[in-house]
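No experiment lies behind these values; they were computed from the predicted model shown. Every number for a ligand or one of its atoms is a count from 1 in the order of the listing.
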Amino acid sequence: LAKLLEVPNDHLLRKMANIGMDKLANNFLLTNEEAAEIALEYEVVPIIPENSGPELLPRPVPEDMSIHPMRPPVVTIMGHVDHGKTTLLDTLRNSKITASEAGGITQHIGAFSVKLNDKSHITFLDTPGHAAFSAMRARGANATDIVVLVVAADDGVMPQTKEAIQHALDADVPIIVAINKCDKPGVDPVRVQEELLKYGVQTEEMGGDIQSVKISALKGTGVDELSENIATLAEVLDLRAEVDIPAHATVIESQVEKGRGNVASLLVKRGTLRVGDVIVAGTAWCKVRSMTDDHGSAVKSATPATAVRVMGWKEIPQAGDMALQAESEGQAKDVVANRIEKRKNRDKLQAIDAMNEKRREVNERETSERAEEKAYRKAVWEYRNGLRASQPEPLPKKGSIYFDASEAAAKTEQIPVVPVVIKGDVSGTVEAVASALKQLPDKKIRVNVISTGVGPVTESDVAMAGSGSQGMVIAFNVKADKKTLNAAKREKVDVLTFRVIYKLLEDIEKVLTSRLEPLR
Ligand code: GDP
């Protein structure tokens with residue numbers, strides 16, 4: 001590691017001691033995290049390999065898709081509030097109910113399928129609005145093939161219309177315009193098309209290639225034409241998917257349902273999902289106990305671009321996560337455990353990063369303070385020796401040496417000060433902790449380090465911290481015996497023990513904040 005970081009061995013060991021590590025020998029094996037923490041000390045940002053450990057990955061997309069069957073398009077309806085998205089979804093859904101033999105009630109499962117003819121279906125995601133679309137996209141789930149942009153003819157292009165256009169353009173998803181509320185008297189659909197032109201949506205009528213349909217979502221007029229246009233565009237897009245591979249799906253909704261447990265709606269993207277399959281989404285896994293379609297009917301399998309409600313999740317998966325099939329429950333568990341571990345590491349690294357950032361800030365501030373002091377002393381010397389006409393401006397007075405005094409000084413009287421005793425296993429550690437304490441935000445409360453030392457926490461440490469107001473003892477890598485702890489309880493002194501430095505600041509901040517109220 002020293003070689004990689006281009007520093008001498010003993011320097012690295014000293015650094016390790018400073019940050020409170022105890023593996024201080026040349027032949028000790030460091031864990032990934034430890035090595036990362038040390039690297040960050042040298043301002044080298046480590047990259048922990050992402051693909052280590054058991055993982056499930058999507059299959060590579062085959063180069064020649066033409067041999068695979070066509071699949072239905074997946075459509076999202078977007079547009080400004082009150083322009084008729086929900087009404088359109090209801091109309092589409094109802095058009096289907098009357099057509100279906102079951103004639104049953106449709107179930108909200110996050111998506112529904114509309115049958116056009118024997119050959120083609122359209123899948124509509126039924127959460128209108130951009131939030132869902134963006135949230136899915138932010139998680140890398142491009143679940144939509146086509147965006148239907150609803151614009152009310154009596155209102156025209158509005159802020160969320162523009163937003164929707166931007167989302168579709170960003171995601172590179174083709175648009176079909178549905179000019180809605182055309183049943184209203186005196187509306188002018190051409191004006192809407194002209195407005196859309198300004199935002200890069202050039203409809204066929206305006207000489208472009210974007211289809212637009214005049215509809216009344218309320219009355220149902222033009223809705224069939226809209227569906228046909230979607231089907232035509234889908235054919236042009238030549239949407240195909242493999243059917244005979246393990247399922248690749250996107251979580252579109254999830255919740256806990258009474259009597260059913262954890263339930264999630266999945267939109268199958270590739271392959272086939274079957275009852276009995278084992279799937280993993282993020283850090284949740286599931287042995288598919290049962291599946292239902294958008295009619296609430298039980299189904300045994302689901303093919304690409306169909307949505308199903310899946311029962312049997314051990315945990316609730318998150319919307320937008322990709323669900324992939326595992327070979328066995330054992331593999332699913334391993335993958336989940338590995339992902340949880342990796343996420344923890346990432347969180348830790350972020351915490352370390354943030355702390356290093358703070359340290360750098362403090363170092364910079366101290367360096368500039370030292371430079372100011374030096375300049376001041378020089379000016380004083382020059383003045384005294386007649387090399388300077390005027391007396392230099394005195395530097396602002398500092399309060400506690402552990403804090404940025406400028407802000408605190410004015411309020412010193414009101415700010416509660418917590419006396420702190422620091423004990424540690426090696427003096428380097430104690431210094432590191434004391435210096436780390438400097439980084440605490442000192443807006444409402446201050447700590448004053450009244451004593452530091454090496455060795456276990458003793459009763460006299462407690463007494464020192466307890467004299468005056470309620471203090472605390474910070475013990476780094478050292479213990480306190482029972483007698484000392486009892487004394488601490490009596491004196492209402494907190495004894496906080498730590499083994500790792502990155503948790504220290506956060507925890508101390510928490511304790512201090514929790515003390516603010518009683519102290520006031
Ligand atoms: P959303 O916010 O985009 O989901 O809009 P809604 O579907 O809730 O519709 C907003 C209002 O417009 C409701 O009062 C609807 O009844 C009405 N509305 C929707 N579509 C039409 C339409 O085609 N014609 C007329 N006249 N009113 C409509």
Inset, instruction - Decide side chain to side chain contact (heavy atoms under 4.5 Å, CB included) for Ile215 and Ile179; before the verdict, give the C-alpha distance in whole Å, the side-chain angles of both, and the deciding distance to 0.1 Å. - result: CA-CA 6 Å; Ile215 64 163; Ile179 303 176; over 6 Å; no
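- Within the structure, every pair that satisfies the side chain to side chain donor-acceptor pair (under 3.5 Å) test and touches residues 173-188, not counting sequence neighbours, is listed here: Asp154-Lys184, Asp183-Ser216.
- An N or O contact shorter than 3.5 Å is missing between Cys182 and ligand 1 by distance.
- Here is the list of ligand 1 atoms found below 4.0 Å of a heavy atom in Lys85: 1 (P), 2 (O), 3 (O), 4 (O), 5 (O), 7 (O).
- Every atom of ligand 1 is numbered from 1 in the order shown, and the set under 4.0 Å from a heavy atom of Lys184 is 26 (N).
- When each atom of ligand 1 is checked for a heavy atom of Asp82 under 4.0 Å away, the hits are 1 (P), 2 (O), 3 (O), 5 (O), 10 (C), 12 (O).
- Where the criterion is an N or O separation shorter than 3.5 Å, residue side chain and backbone included, Ala217 meets it with respect to ligand 1.
- Of the heavy atoms in Thr86, both backbone and side-chain atoms come closer than 4.0 Å to ligand 1.
- Counting heavy-atom neighbours within 6.0 Å of Gln255 CD, excluding the residue itself, gives a total above 12.
- Nearest approach of Ala326 to Leu56, heavy atoms of both residues: CB-CD1, 3.9 Å.
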Legend entry - Residues Ser212, Gln193; criterion side chain to side chain donor-acceptor pair (under 3.5 Å); working and verdict: CA-CA 8 Å; Ser212 85; Gln193 291 176 337; 2.7 Å; yes
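- Within ligand 1, counting atoms from 1 as listed, the ones closer than 4.0 Å to a heavy atom of Val81 are 2 (O).
- Heavy-atom separations between Lys219 and ligand 1 are all 4.0 Å or longer.
- Within ligand 1, counting atoms from 1 as listed, the ones closer than 4.0 Å to a heavy atom of Asp183 are 22 (C), 23 (O), 24 (N), 25 (C), 26 (N).
- The salt bridge (Lys or Arg N to Asp or Glu O under 4.0 Å) analysis of residues 227-253, with sequence neighbours excluded, yields the pairs Asp238-Arg240, Glu242-Arg270, Glu253-Arg309.
- Residues Phe124 and Ile230 meet the side-chain proximity criterion, which asks for heavy atoms closer than 4.5 Å.
- Listed by atom number, the atoms of ligand 1 under 4.0 Å from His80 heavy atoms are 3 (O).
- Contact check for Phe112 versus Leu89: side-chain heavy atoms found under the 4.5 Å cut-off.
- At a 4.0 Å heavy-atom cut-off, ligand 1 touches Lys181 through backbone and side chain alike.
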